[in-house]
Amino acid sequence: MLQVENVKLLDRYTNRKAANGTLYLTATHLIYVDASAEVRKEIWILHHHIATVEKLPLTTAGYPLLIHCKNFHVAHFVIGQERDCHEVYTSLLKLSQPVKSEELYAFSYNPKMSKENREIGWKLIDLKVDYQRMGIPNDYWEITDVNKDYEVCNTYPPEIVVPRAANKAVVIGSSRFRSRGRIPVLSYLYKENNAAICRCSQPLSGFSARCLEDEQMLQAIREANPGSPFMYVVDTRPKLNAMANRAAGKGYENEDNYDNIRFKFIGIENIHVMRNSLQKLLEVCEMKSPSMSDFLTGLENSGWLRHIKAVMDAGVFLAKAVKDEKASVLVHCSDGWDRTAQVCSLASLLLDPFYRTFKGFMVLIEKEWIAMGHKFSHRCGHLDGDPKEVSPVFTQFIECVWQLMQQFPCAFEFNERFLLEIHDHVYSCQFGNFLGTCHKEREDLKIFEKTHSLWPFLLQKKQELRNPLYRGFTAYKELQPNTLPFSFQFWCGMYNRFDKGMHPKQCVLDHLLSSMSQKMKLEDNASELENKLPFLDGPLPSEACSLSKVGRAASKTPMLNTPQDYEGEPPPVLSNGSSARETDVTPGVDQKHKENLSRDQDLHNLSDTTNVLDSVAKDGKPWHH
Amino acid sequence: MEFAELIKTPRADNVVLHRPFYLAVEGTLCLTGHHLIFSSRRQDNAEELWLLHSNIDSIEKRFVGSLGTIIIKCKDLRIIQLDIPGMEECLNIASSIEALSTLDSVTLMYPFFYRPMFEIVEDGWRSFLPDQEFELLSSVTDEWRLSCINKEFSVCPSYPPVVIVPKSIDDEALRKVAMFRHGSRFPVLSYYHKKNGMVMMRSSQPLTGTNGRRCKEDEKLINATLRPGKRGYIIDTRSLSVAQQARAKGGGFEQEVHYPQWRRIHKCIERFNILQESLIKLVEACNDQSHNMDRWLSKLEASNWLTHIKEILTAACLAAQCIDREGASVLVHGTEGTDSTLQVTSLAQIILDPRCRTIRGFESLVVREWLQAGHPFQQRCAQSAYSNGKQKWEAPVFLLFLDCVWQILRQFPCSFEFNEQFLIMLFEHAYASQFGTFLGNNENERSKLKLPQKTMSLWSWVNRSEELRKFQNPLFEANSLVIWPSVAPQSLQLWEGVFLRWNRPSKFLDEAHEEMINIIKYNKELQAKVNALRRQLAEMETDDKM
């Protein structure tokens with residue numbers, strides 16, 4: 001363990017005096033303990049969360065070290081000695097980019113849990129149950145183990161759902177005509193009208209190649225939905241990209257070769273465009289006191305919301321095709337593991353309220369992302385590897401869900417924090433679920449034997465991750481979101497999540513969550529009292545008196561609030577420092593999970609107490625005009 | 001003039017009404033002196049739309065054959081379309097609406113004809129009197145007095161008859177100060193911060209001119225608010241260069257030499273036509289249904305609306321910070337002291353004073369800092385976002401203020417007794433109303449129009465429990481602290497409740513709001529039940545002992 005004293009932590013947004021404390025590097029975390037605060041404050045950063053570490057030019061305060069995290073936490077340390085700074089720098093580079101899978105946190109993470117419970121945890125999500133829920137197997141669809149030895153496709157799971165009409169020869173034949181053998185398989189069956197969403201990779205059609213089995217496969221999918229005379233084939237790439245692929249012997253379906261298909265492009269950009277877009281967005285989020293114009297122009301130029309809208313539009317198209325046109329849809333992009341995963345999972349979420357529950361959302365991620373081979377390990381950069389493989393594809397999906405939550409506040413069983421938790425753990429490597437790139441690789445890594453599953457851990461925290469406004473499973477069926485540009489908001493809670501000063505100072509969610517727990521207490525109280533009272537027939541005393549304080553205390557989340565730099569220039573010296581010290585408080589919710597959480601729980605506290613103006617007064621700067 | 005003369009076709013049948021997100025409805029259109037009334041004839045679902053002519057911002061007509069179409073754009077930003085069969089009928093109706101929505105004389109406005117259908121519990125015209133405000137002040141300090149110097153509006157036409165000024169300054173001195181300030185708006189008390197006795201004053205610019213005129217009484221007046229040995233801040237809502245330019249026209253700013261105990265800070269809050277253009281652009285962007293994200297963001301940016309919000313909020317926060325954190329007194333002014341000045345002083349009070357975050361306190365703030373302080377509502381709110389003529393005096397100054405309040409409300413959702421609907425209601429009534437509250441440009445005009453005698457006050461209507469219920473924030477828990485909003489761009493949002501209100505269905509958001517109310521209501525009932533049970537049990541136990 002490395003320990004460095006006298007490390008300053010700068011606050012990105014204010015001129016507030018930097019914190020001074022000690023920095024520790026453990027096997028798994030960077031921990032910063034602020035010694036200058038009256039109340040002990042700690043910041044924990046998981047090594048796996050670190051995206052980049054930069055040494056900045058020497059300043060008068062010392063040697064700056066800038067750390068960017070994958071969960072959008074930015075920490076700016078200043079270390080006194082160059083030697084220390086360099087040591088921290090090189091250690092972090094090594095620790096944040098392990099070379100071998102065995103070095104990942106999940107293989108050493110050891111919560112106090114019995115072997116049986118660990119195994120039960122992995123069985124919590126069973127995809128077969130979800131297919132049963134859709135009514136599969138049925139007359140048209142079957143679950144086949146044709147891929148049990150990964151002979152058809154090594155990035156698909158052993159069990160896949162294909163049309164009954166597609167025999168083994170068709171499956172094998174089709175697999176030879178699809179990029180990486182990713183044949184069309186069922187993603188979601190809309191029971192009401194038998195329209196299905198299927199997914200695959202691009203066909204190896206080049207300029208003119210055909211494959212009879214592949215054509216039969218699509219026919220089988222279309223015929224599994226007898227209510228519709230046609231099916232859609234949706235290529236989620238921009239047309240130009242798809243055409244370029246033909247030169248490499250890949251490409252897209254020729255409408256003339258397939259019976260009764262309607263082919264359509266939906267232009268979602270590729271992983272490289274998305275990576276650059278996020279980079280630009282983060283630069284905007286990190287600007288120091290930007291003007292409104294700077295921010296909005298930057299937001300526009302990043303293209304981020306344009307991409308989010310494109311993904312959402314595609315999801316809406318799929319859901320409408322299935323529900324309104326009663327047509328099945330086959331979706332692909334290039335390999336069918338990025339854009340295809342985004343679009344299919346979003347469409348399912350729009351069509352089926354089950355996926356908007358805790359359990360359903362877990363199933364959705366296991367099914368469309370994990371099982372179908374979204375390359376989490378590469379896209380999230382879990383291991384030292386090709387930086388060009390990294391891309392925020394899953395982040396975009398999570399954001400689309402958040403955008404839906406904004407439009408439909410009562411339609412989801414979970415709240416924003418659930419999304420953030422999942423997003424954190426996709427990068428944290430603390431649980432086995434997101435390790436590797438596909439099912440086969442996870443088997444080879446023995447994650448089911450050696451690591452824990454995230455889902456039971458999240459279910460334990462259900463109380464704080466739930467949406468108090470949720471109106472239940474039956475309140476809304478299909479969602480039809482508005483996708484006009486103004487319906488999309490910048491997600492401050494994600495990209496500026498650790499800049500607490502920017503967030504609302506009072507949190508409606510906290511307020512409602514405490515109302516919910518208060519409600520339970522009151523209900524218990526009421527029934528307890530009712531049991532004590534022998535006769536309850538008589539009228540209750542009408543006036544409500546203030547005897548009880550039950551739940552009151554629990555309901556208050558103290559407000560942390562200080563002025564910022566409103567003057568836009570170094571603030572003037574105080575004539576009298578009215579340093580109103582507010583005590584340091586963190587909502588209890590976050591306190592509990594220090595052990596598990598990579599994110600620093602105490603950033604709340606950083607937006608601390610001392611007045612901006614106070615600190616400058618201490619620095620003794622002159623009046624500034 | 002008789003309204004009947006303006007109404008050539010009082011009624012048209014088979015008119016089709018189009019509104020966004022509703023199916024088109026067929027029905028009958030009637031014009032009265034003050035309303036456009038549309039009623040659908042469907043038996044099962046009779047619908048009526050009543051639109052005040054004064055709410056109509058602009059009207060366009062189109063013809064396809066003999067079918068005429070009128071597009072009506074309202075000051076509350078709604079757009080409706082009426083298909084009227086018959087070219088003559090359509091032309092008649094259009095010209096009537098045009099004439100009726102642009103009446104010259106205030107006394108022809110609806111508030112002078114409106115007869116309330118509700119029981120008046122409290123006369124809103126008497127709800128917020130300066131004497132009451134002064135009484136509150138006198139209970140904490142005796143350094144101020146109520147001056148009746150402006151009784152006949154003879155000193156300052158845009159000030160109310162009574163104002164609060166430092167006790168040590170007599171009316172004679174005030175008269176001299178009035179000569180030294182633009183429009184005679186001499187510094188008066190806007191807010192007293194009980195916590196530390198610091199004050200906020202407001203005025204118009206001093207008339208220093210190019211040769212640096214000074215006025216000893218003016219200096220004495222504002223110095224009277226300083227504690228010994230302490231400095232104060234003058235927040236000039238104009239940029240330094242604008243303030244300097246003002247000198248050429250006889251205006252100016254307080255020079256350091258003559259006001260050595262004051263530090264001047266310039267903030268840049270835009271005025272009149274720039275704000276009006278900003279509103280027009282913003283609303284145009286919101287109504288643009290093209291599906292392109294880049295275009296939306298660039299139009300939103302180009303409107304500069306959120307830039308104005310950020311600037312106004314920042315200036316208000318700075319004023320509040322000077323008072324609360326630095327323990328300094330503050331004087332706020334721009335040029336006339338009737339627009340940006342009031343935005344700053346009223347928002348600073350919302351930040352500082354918990355009372356202003358209650359419904360009644362907020363009403364009182366609007367009365368004090370906007371109506372009595374002489375914000376020219378009639379000029380500013382004559383037209384809204386669809387005005388296409390050349391505007392001179394129109395500006396969404398009050399709407400910007402309400403938007404800023406909404407931004408703070410969004411950041412402190414539990415600290416306000418009122419909800420978003422309350423702010424939207426005030427926006428609507430400032431532009432078109434059956435009540436007389438927002439008529440006229442100042443108290444002087446209002447008293448000449450005899451509004452309290454001839455019209456109903458908005459407050460008489462709002463402050464009845466039936467109405468208040470709609471405006472209450474279920475999350476409210478009194479918060480006695482100063483609330484410091486964030487002014488980072490990430491923290492400021494487009495006020496969807498106003499600007500997207502007619503552009504998207506609000507069903508799901510309304511349901512969420514309802515759900516929230518239910519959760520809190522249920523808890524309250526549960527709490528009452530538990531309390532009652534406890535009491536019952538306690539009573540039984542005492543009975544047992546006896």
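Throughout, protein chains are lettered first and strands after them, A, B, ... in sequence-line order, and every chain is numbered starting at 1.
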What distance separates Ile408(B) CD1 from Lys505(A) NZ, expressed to the nearest 0.5 Å?
11.0 Å
Distance (rounded to the nearest 0.5 Å) between Lys310(B) NZ and Met292(A) CE
8.0 Å
Under 4.5 Å to a heavy atom of chain B? For Lys309(A) that would be side chain
Please step through side chain to side chain contact (heavy atoms under 4.5 Å, CB included) for the pair Ser487(A) and Arg504(B), ending with a clear verdict.
CA-CA 9 Å; Ser487(A) 317; Arg504(B) 49 130 214 231; over 6 Å; no
Counting heavy-atom pairs under 4.5 Å to chain B, which of Leu484(A), Asp313(A), Thr483(A) comes out on top?
Leu484(A)
Can you see which heavy atom on Gln406(A) is nearest to which on Leu509(B), and at what distance?
O-CD2, 3.5 Å
Take atom NZ in Lys477(A); do more than 12 heavy atoms of anything else shown fall under 6.0 Å from it?
yes
Student check: side-chain heavy atoms of Gln489(A) and Glu496(B) closer than 4.5 Å:
yes
Which atom names give the shortest non-hydrogen contact between Pro290(A) and Pro489(B), and what distance separates them?
O-CG, 3.5 Å
Enter the distance from Glu511(B):CD to Arg471(A):CZ here, rounded to the nearest 0.5 Å.
4.5 Å
In terms of heavy-atom pairs under 4.5 Å, which option from Ile520(B), Asn292(B), Leu492(B) contacts chain A the most?
Asn292(B)
Heavy atoms of Gln490(B) and Asn496(A) approach each other most closely as NE2-OD1, 3.1 Å
Criterion side chain to side chain contact (heavy atoms under 4.5 Å, CB included) on Leu512(A) and Leu475(B), from CA distance to verdict
CA-CA 9 Å; Leu512(A) 293 176; Leu475(B) 299 173; 4.2 Å; yes
Only residue of Asn301(A), Thr297(A), Leu299(A) satisfying side chain to side chain contact (heavy atoms under 4.5 Å, CB included) with Leu297(B) is Leu299(A)
Most contact-rich option vs chain B, by heavy-atom pairs under 4.5 angstrom, among Ala526(A), Gly303(A), Pro485(A), Ala411(A), is Pro485(A)
Most heavy-atom pairs under 4.5 Å with chain A, out of Asp294(B), Leu306(B), Asp288(B), Thr307(B), belong to Asp294(B)
Under 4.0 Å between a Lys/Arg side-chain N and an Asp/Glu carboxylate O for Glu530(A) and Lys529(B)?
yes
Is a side-chain donor or acceptor of Gln506(A) paired with a backbone partner of Ser415(B) at a separation under 3.5 angstrom?
yes
Which bit of Ser291(A) is near chain B, if near means a heavy-atom gap under 4.5 Å: side chain, backbone, both or neither?
backbone
Quick check for you: among Ser293(A), Cys410(A), Pro409(A), which has the greatest number of heavy-atom pairs under 4.5 Å with chain B?
Ser293(A)
From CA spacing to verdict: side chain to side chain contact (heavy atoms under 4.5 Å, CB included), Glu477(B), His511(A):
CA-CA 11 Å; Glu477(B) 283 183 359; His511(A) 195 102; 3.6 Å; yes
Roughly how far, to the nearest 0.5 Å, is NZ of Lys532(A) from CD of Gln536(B)?
13.0 Å
Looking only at Leu469(A), Ile308(A), Asn482(A), most heavy-atom pairs under 4.5 Å shared with chain B are made by Leu469(A)
Using a 4.5 angstrom heavy-atom cutoff, name the option from Pro505(B), Ala315(B), Cys414(B) with the most pairs to chain A.
Cys414(B)
State, to 0.1 Å, how close Ser515(A) and Asn523(B) come at their nearest heavy-atom pair, and which atoms those are.
O-ND2, 2.8 Å
Contact origin within Phe490(A) toward chain B - heavy atom pairs under 4.5 Å:
side chain
One option among Ser290(B), Pro485(B), Ala302(B), Cys286(B) has the most heavy-atom pairs under 4.5 Å with chain A, and it is Pro485(B)
Under a 4.5 Å heavy-atom cutoff, which of Tyr470(A), Phe295(A), Phe486(A) has the most pairs with chain B?
Phe486(A)
Under 4.5 Å to a heavy atom of chain A? For Phe499(B) that would be neither
Between Asn525(A) and Val530(B) (side chain of the first, backbone of the second, donor and acceptor by atom type, cut-off under 3.5 Å), is there such a pair?
no
CG of Leu533(B) to CG of Leu529(A), rounded to nearest 0.5 Å, is 5.5 Å
Assert yes or no for the condition that the ring centre distance of Tyr476(A) to Phe508(B) is strictly below 6.0 Å.
yes
Going through the checks in order, is the side chain to side chain contact (heavy atoms under 4.5 Å, CB included) test met by Trp296(B) and Arg306(A)?
CA-CA 10 Å; Trp296(B) 156 247; Arg306(A) 174 158 43 90; over 6 Å; no
NZ of Lys524(B) to CD of Gln518(A), rounded to nearest 0.5 Å, is 10.5 Å
